[in-house]
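Right, one structure below, let's go through it.
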Amino acid sequence: MTPEGERRADLAIQDGRIAGIGTIGDAAKVIDATGRLVLPGCVDLHTHLASTPTWTPLDDFERGTRAAIAGGVTTVVSMVYQEEGSLRRGIERGLRDASRSLADFAFHVVATDPSEAAMAELPALVREGHAGLKVFMVSPRYVERRDDYRALLRAAAEAGALVAVHAEDHAIVAARTAELHAAGRTSVLHFPESRPVEAEETAVREAVALATSTGAAMYLVHLSSRRALAALREGKRHARVFGETRPLYLYLTRERFSRPDAALWVGQPPLRDGEDVAAVWAALAEGTLDTVGTDHIPHPRAAKLAPGLSFDRIPPGVANLETLLPMLYSEGVRGGRLTITRMVEVLAAGPARVGGMYPRKGALALGSDGDVVVFDPDARRTIRATDMHSACDYDPYEGWEVTGWPETVLSRGEIVFERGKLAGPPGRGKLVPRAPYPA
Ligand SMILES: [Zn+2]
């Protein structure tokens, strides 16, 4: 199964790479995939598995990639943070953390200090395969140093680094948050009001304008609303901008925020309404959105539900690596919203292309890495946190009935997951050097 279509064939893997497609003769090991779908391993361009000097994720590279592999995600890109002014230090920390990874990996470095020194680091980092930056437009720092960030984007364009962007407008979010606090409306029920759709749309428009003026290739992460998607669709006509959504915006609406345990679904931006959900599906089907990334960053139930937390202090993010593929298959393909070739595009080929890893990753093609998911389209599962490989003690889709689940997963030709059991040792994952974008 590839974005080009479906065919019945044998797949031969030799020395970790796909060496033949068609009718294959003898092999040292044969996996019978009769009645199964054979998909390229998924590529998730958006995770938070690396630590920072002040924070260790609940799902680190080892835990997180156990969940990834069990869910058919064979390549993960993690955020790392600029450290003591240096982008390279952030990467170095990521590499240390990823030495426990079961999946292949790469990084985006979050630029928290867009200094001349940081810009000077870019060409060498890109040459070494670290061709990704991230900018949080929602942070106060972004507003204070807009000109420096613009210069950083120019430097990224010249060096060929993709710039991932968290697109929510700081001024709007800060003003709404202050108003709600002043009115004493600080419970989680008010979280969606604090980060309105206008904040996302405004930031997407600004990002598109920046992509045009600086020439940077930009990747707008976790888009959630029809207005933001309309801005992206328009921007794609003249700028190099790509769009990602994340699973939360496909399956859940802001109704969740009337529940007492609403904090369990807090992520930024917030869950939207039903029309937004429909627009996200449509944008995924038609190609306005290029990828689905998980933004995997779970926090324990107790941390999300800690008493007295105002809506802006709830740790944002959920677990999603293990359910990314099966839920998109079940709700999208079986649900009639997405063709299977489109699903393969947005989970594998698309993110590999946007991330500069195609066709080594994201493809079932001669010479590509032997990253393969043998997927049972009829397997029925009920999602339970207790069955998941994440360290998190709840799942955002607890109790959801899903049809279709990965049966066997190969990474560079090695069986790393088979019938419910992980096989690869921590540390088997390798860095995937990312190709630069032409200036
Ligand atoms: Zn994120």
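Each ligand, and each atom within it, is numbered from 1 in the order the structure gives. FYI, the numbering just counts along the sequence from 1.
- Distances from the Zn ion (ligand 1) show that His46 has an N/O/S atom below 2.8 Å.
- Looking at Lys430, Arg434, Arg412 one by one, the single match for salt bridge (Lys or Arg N to Asp or Glu O under 4.0 Å) with Asp104 turns out to be Arg412.
- Checking each of Asp59, Val76, Leu324 against His296 for a side chain to side chain contact (heavy atoms under 4.5 Å, CB included) leaves exactly one that passes, namely Asp59.
- Using modelled atom types, one finds no donor on one side chain facing an acceptor on the other under 3.5 Å when comparing Ser390 with Glu322.
- A donor-acceptor contact closer than 3.5 angstrom links the side chains of Asp44 and Thr294.
- In summary, an N, O or S atom of His48 is located under 2.8 Å from the Zn ion (ligand 1).
- In terms of distance to the Zn ion (ligand 1), the nearest N, O or S atom of Asp295 is named OD1.
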